[in-house]
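Here the structure is a predicted model, which means the values were calculated and not measured. Position 1 is the first residue of the sequence, and the numbers go up from there.
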Amino acid sequence: MPIRLSIFPLPGAILFPGLQLPLHIFEPRYRALIGDTLVRSRQIAMIQPQRPVEGAPLYQVGCIGRIGEIEAMDDGRYNLILEGESRFRMIRELDVATAFRQVEGELIEDDENETLSHAQRGGFEQEAREFADAQGYSVDWDSVERLDDQSLINGVSQIAPFDPASKQALLEAPNLSARCELLVQLMQFFSRGDGGEEITTLQ
């Protein structure tokens, strides 16, 4: 069934089910969004605009998050942790009187039990090590090896330093295996780049 969602369109920020996203809310319209959702469902839909300009068209896929921890500050700002629940596909944007945008969407059913093959997992970890070394990142690889496939692939997809279009492609990947393959391709491309230039592979 279609559902009505209040959205937070933030370029470069994506959220996956089962993961968390910290947010600092300071703009008046998004403070109004938080106030409204706290008395309703506590859900916010994260979705990227196609361009970083006011009122830009939205991508078709985002993720619904539920407000977990929240800190209300004296000046009206909020610090909060958004906990990813489900990806969704936008059907249409709604004409609303609220300061924040709203859409009608439908949930995407992901297979929470999907896993990678041993070859895929091993190949990804090797590529990730080379990528981290090339970028000078310090990684606790013992902890990485203990992560399940979903947490590993979705977690890297969420925090990877790729351009918004590339991150959107990762979010839209139909399954975990396809997302893993795309991540490997992006890491290989980024490692061949200058490092100081923004990736624009999928723009």
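One finds no salt bridge joining Asp142 and Arg146 here, because no Lys/Arg side-chain nitrogen approaches an Asp/Glu carboxylate oxygen to under 4.0 Å. The pair Glu27-Arg31 fails the salt-bridge criterion, with no side-chain N (NZ, NE, NH1 or NH2) lying under 4.0 Å from an Asp/Glu carboxylate O.
In terms of the salt bridge (Lys or Arg N to Asp or Glu O under 4.0 Å) criterion, residue partners of Glu85 (sequence neighbours excluded) are, by chain and number, Arg66. Scored by the ring pair (Phe, Tyr, Trp, His ring centres under 6.0 Å) test, Tyr78 finds no partners at all (sequence neighbours excluded). For Arg101, the salt bridge (Lys or Arg N to Asp or Glu O under 4.0 Å) partners are Glu93, not counting sequence neighbours. The salt bridge (Lys or Arg N to Asp or Glu O under 4.0 Å) check on Asp75 picks up Arg77, with sequence neighbours excluded.
Counted by atom type alone, Ser177 and Glu114 present zero donor-acceptor pairs between their side chains at under 3.5 Å. No side-chain donor-acceptor contact under 3.5 Å links Gln185 and Glu181.
With contacts defined as side-chain heavy-atom distances shorter than 4.5 Å, the pair Pro57/Pro49 does not qualify. Asn154 is listed as a side-chain neighbour of Leu176, based on a closest heavy-atom distance under 4.5 Å.
Residue pairs that meet the salt bridge (Lys or Arg N to Asp or Glu O under 4.0 Å) test with at least one member in residues 47-64, sequence neighbours left out, are Arg29-Glu54. Residue pairs meeting the salt bridge (Lys or Arg N to Asp or Glu O under 4.0 Å) criterion with at least one partner in residues 6-18, sequence neighbours excluded, do not occur; the list is empty.
Proximity of the aromatic rings of Phe100 and Tyr30 is defined here by a centroid distance below 6.0 angstrom, and this criterion is not met.
The minimum heavy-atom distance linking Ala45 with Leu5 is given by the pair CB-CB, 3.9 Å. Scanning both residues, Tyr137 and Pro161, for their nearest heavy atoms gives OH-CG, 3.4 Å. Closest approach of Leu15 to Gly65, counting heavy atoms only: CD2-CA, 3.9 Å.
Under a 3.5 Å cut-off, the side chain of Arg179 and the backbone N or O of Ala173 do form a donor-acceptor pair. Side-chain N or O atoms of Thr37 include none that pairs as donor or acceptor with a backbone N or O of Arg40 at under 3.5 Å. Between the Gln50 side chain and the Leu58 main chain, a donor and an acceptor come within less than 3.5 Å of each other. A donor-acceptor pair is defined here as one N or O able to donate and one able to accept, closer than 3.5 Å; such a pair exists between the side chain of Asp111 and the backbone of Asn113. For the pair Gln48 (side chain) and Pro164 (backbone), a donor-acceptor distance under 3.5 Å is present. Between the side chain of Ser157 and the main chain of Ile153, a donor-acceptor pair closer than 3.5 Å is present. No donor-acceptor pair closer than 3.5 Å links the side chain of Glu127 to the backbone N or O of Leu183. Distance alone, capped at 3.5 Å, is enough to place a donor-acceptor pair between the Asp149 side chain and the Leu116 backbone. A donor-acceptor pair under 3.5 Å is formed between the side chain of Lys167 and the backbone N or O of Gln158.
Of the inter-residue distances, the one linking Ile25 atom CD1 with Ile34 atom CD1 reads 4.5 Å to the nearest 0.5 angstrom. Here the CD1-CD1 distance, from Ile44 to Ile67, works out to 4.0 Å after rounding to the nearest 0.5 Å. Separation of atoms CD1 (Ile14) and CZ (Arg87) is listed at 10.5 Å; rounding is to 0.5 Å. For the atom pair CD1 (Ile47) and CE (Met90), the distance works out to 5.5 Å, reported to the nearest 0.5 Å.
Counting non-hydrogen atoms of other residues, nucleotides and ligands closer than 6.0 Å to CZ of Arg129 gives a total above 12.
Note on Leu170: it does not cluster hydrophobically with Val61, by side-chain heavy-atom contacts below 4.5 Å among ILVMFWY residues.
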